[in-house]
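So the structure is just underneath, and the comments pick up after that.
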Number of protein chains: 2
Amino acid sequence: MTNRIQTRDPELTRVRILDAAEALFIEQGFSAVKLSALARSAEVTKSLIHHHFGSKEQLWEAVKDRAFERYFTAQMAMLEEAGEPDAALLRSSVEAYFHFLRDNPGVVRLFAWTHLEGDSHCGELDNQLVGAGAEWVRQAQQRGLLRQDINPTHVIALFVMTCTQWFEAKCHHQHWPGMGTDEAFLEDFLKIFMEGVTPRD
Amino acid sequence: MTNRIQTRDPELTRVRILDAAEALFIEQGFSAVKLSALARSAEVTKSLIHHHFGSKEQLWEAVKDRAFERYFTAQMAMLEEAGEPDAALLRSSVEAYFHFLRDNPGVVRLFAWTHLEGDSHCGELDNQLVGAGAEWVRQAQQRGLLRQDINPTHVIALFVMTCTQWFEAKCHHQHWPGMGTDEAFLEDFLKIFMEGVTPRD
DNA sequence: GCCCTAACTGGCCGGCCGGTCAATAAGCTG
DNA sequence: CAGCTTATTGACCGGCCGGCCAGTTAGGGC
């Protein structure tokens with residue numbers, strides 16, 4: 001509780017609390033975080049947290065909302081940059097998603113905590129995203145650029161899940177014998193994935 | 001604390017505690033579990049838990065040890081049933097692993113909690129498993145049954161990760177538009193995966 | 001039967017948890 | 001400057017957390 005900062009700027013204070021909370025929740029999960037530690041980290045009093053967010057639960061929801069909002073808009077932006085559907089673009093989308101997760105490890109952990117809670121909210125949020133991606137695959141299929149005997153949603157799901165799990169379970173498989181670097185794995189995944197989704201001549 | 005059972009059989013009591021603890025830890029994660037609730041669920045006193053396991057932490061370790069031991073032996077058994085390396089066997093291995101996780105959802109959650117803790121112990125445990133699997137892929141590569149420009153460990157990792165994430169993040173993607181059933185996804189994954197790992201003629 | 005070990009109990013503890021509240025103080029309005 | 005709003009504080013609360021301990025009780029070896 002020492003070393004507090006008075007800003008008298010409610011918005012800034014909210015952000016400071018949210019930032020600190022996000023870091024702690026990502027690191028330790030909801031129930032392991034103590035409000036006292038959070039207050040210390042955000043350089044505010046515990047009471048101020050309650051004043052701005054009501055309860056620990058509500059703060060957790062606010063943290064998730066903000067983070068998923070950021071994720072969603074980032075992905076939306078990436079999607080809108082995409083051009084005509086073809087195989088090369090699918091490849092670069094996978095690469096972009098993989099690198100996004102590599103550069104935003106917090107997102108992966110936040111998803112993981114949320115999944116374990118059984119919260120389906122974050123999944124519903126990107127219905128739109130997946131719908132657009134699947135539609136994009138469907139168009140490529142119709143043009144004969146991707147094989148047509150596969151559910152487009154599954155194509156999206158497969159690469160999203162692979163990228164996610166790579167970073168989520170890194171501590172698990174990083175010591176496996178013969179396991180390569182991020183880039184080496186991505187390269188091999190793309191070899192398999194791209195070969196698997198393009199039609200045989 | 002009502003409704004307790006005295007067995008005077010330490011081994012049975014340990015198992016009762018471990019079973020109850022496993023269920024609760026899988027459901028809620030380490031820090032959300034209260035020893036009092038666990039005692040109630042296992043129909044023992046809190047003190048008895050401390051008597052047999054020392055502390056909550058040590059109990060958690062014991063739960064993980066036992067569960068991962070079971071997982072490891074189950075996988076080892078599946079591996080030893082496998083015959084000559086070829087593409088058909090790879091396919092059936094993926095199917096077997098997928099169905100194993102489907103039938104053991106607790107394992108998936110336990111892995112997820114453990115990953116979030118950054119505990120690499122469970123990953124090291126299956127070094128042997130992955131090593132054997134990769135060696136098996138390598139042999140198939142040498143016989144020209146699988147394409148040779150891919151790291152064998154990555155082949156194993158890819159399908160393990162995909163199966164894991166499918167069940168781990170089910171609450172996330174189950175409402176995605178166009179998403180199919182377990183079997184439909186497995187089917188599509190196998191189409192892509194098998195096409196991706198077998199050599200082009 | 002006796003005794004020793006250990007399974008098991010109930011009661012208790014210090015500490016800290018999330019949360020509340022009355023008081024204070026800073027900024028905004030007029 | 002008065003007055004209202006609200007950000008902010010610190011003291012405080014009931015409850016329960018994980019853990020401890022002094023006893024009690026059952027079983028196994030002799």
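It should be emphasised that the depicted structure is a prediction, and the values quoted were computed from it without experimental measurement. Hydrogens, waters and symmetry mates play no part in the numbers below; they use all other heavy atoms, side chains included.
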Query - Sub-4.5 Å side-chain heavy-atom contact between A:Phe53 and A:Trp60 - result: no

Query raised in the report: Sequence neighbours excluded, which residues qualify as ring-ring contact (aromatic ring centres under 6.0 Å, His included) partners of A:Phe167?
Result: A:Phe98

Report task. Name all residues meeting the ring-ring contact (aromatic ring centres under 6.0 Å, His included) criterion together with A:Phe185; count only those two or more places apart in sequence or in a different chain, and write none if there are none. Result -> A:Trp166, B:His154

Report task. Report yes if at least one side-chain N or O of B:Ser36 is closer than 4.0 Å to OP1 or OP2 of D:dC17; otherwise report no. Result -> yes

Query raised in the report: Do B:Lys46 and D:dG18 have a side chain to base donor-acceptor pair shorter than 3.5 Å?
Result: yes

Over how many whole Å does the gap from [X] atom [atom1] to [N] atom [atom2] extend?
{"X": "B:Leu12", "N": "D:dA26", "atom1": "CG", "atom2": "C1'", "answer": "16 Å"}
{"X": "A:Phe53", "N": "C:dG18", "atom1": "CZ", "atom2": "P", "answer": "16 Å"}
{"X": "A:His50", "N": "D:dC12", "atom1": "NE2", "atom2": "P", "answer": "19 Å"}
{"X": "A:Ile49", "N": "D:dT6", "atom1": "CD1", "atom2": "P", "answer": "21 Å"}
{"X": "A:Leu35", "N": "C:dT20", "atom1": "CG", "atom2": "P", "answer": "11 Å"}
{"X": "A:Leu38", "N": "C:dG19", "atom1": "CG", "atom2": "P", "answer": "12 Å"}
{"X": "B:Lys34", "N": "C:dC16", "atom1": "NZ", "atom2": "P", "answer": "16 Å"}

Quick test: give all pairs of protein nitrogen or oxygen and nucleotides 5-9 of chain C nitrogen or oxygen below 3.5 Å, distance rounded to 0.1 Å.
from, atom 1, to, atom 2, distance (Å)
C:dA7, OP2, B:His51, NE2, 2.5
C:dA7, N3, B:Arg8, NH1, 3.0
C:dC8, OP1, B:Thr7, OG1, 3.1
C:dC8, OP1, B:Arg8, N, 2.7
C:dC8, OP1, B:Thr13, OG1, 3.1
C:dC8, OP2, B:Thr13, OG1, 3.0
C:dC8, OP2, B:His52, NE2, 3.1
C:dT9, OP2, B:Thr45, OG1, 3.1

Query raised in the report: For the atom pair CE (A:Met194) and CD1 (B:Ile192), what is the distance rounded to the nearest 0.5 Å?
Result: 10.5 Å

Requested in this report: Under the salt bridge (charged side-chain N to carboxylate O under 4.0 Å, His left out) rule, what do A:Lys191 and A:Glu187 come out as? Steps first, then yes or no, please.
Outcome: CA-CA 6 Å; A:Lys191 281 181 190 166; A:Glu187 198 55 40; 5.7 Å; no

Report task. Assess the pair A:Trp113 and A:Phe30: is the distance between their ring centroids shorter than 6.0 Å? Result -> no

Requested in this report: Could you list the residues that satisfy salt bridge (Lys or Arg N to Asp or Glu O under 4.0 Å) with A:Glu22, not counting sequence neighbours?
Outcome: A:Arg66, A:Arg70

Query - Those residues of residues 54-67 of chain B lying under 4.0 Å from DNA chain D by at least one heavy atom - result: B:Ser55, B:Lys56

Report task. Please report the closest heavy-atom contact between B:Ile17 and B:Leu38, naming both atoms and the distance. Result -> O-CD1, 4.2 Å

Query raised in the report: Taking only residues at least two apart or on different chains, which pairs with a member in residues 96-114 of chain B satisfy salt bridge (charged side-chain N to carboxylate O under 4.0 Å, His left out)?
Result: B:Arg102-B:Glu183

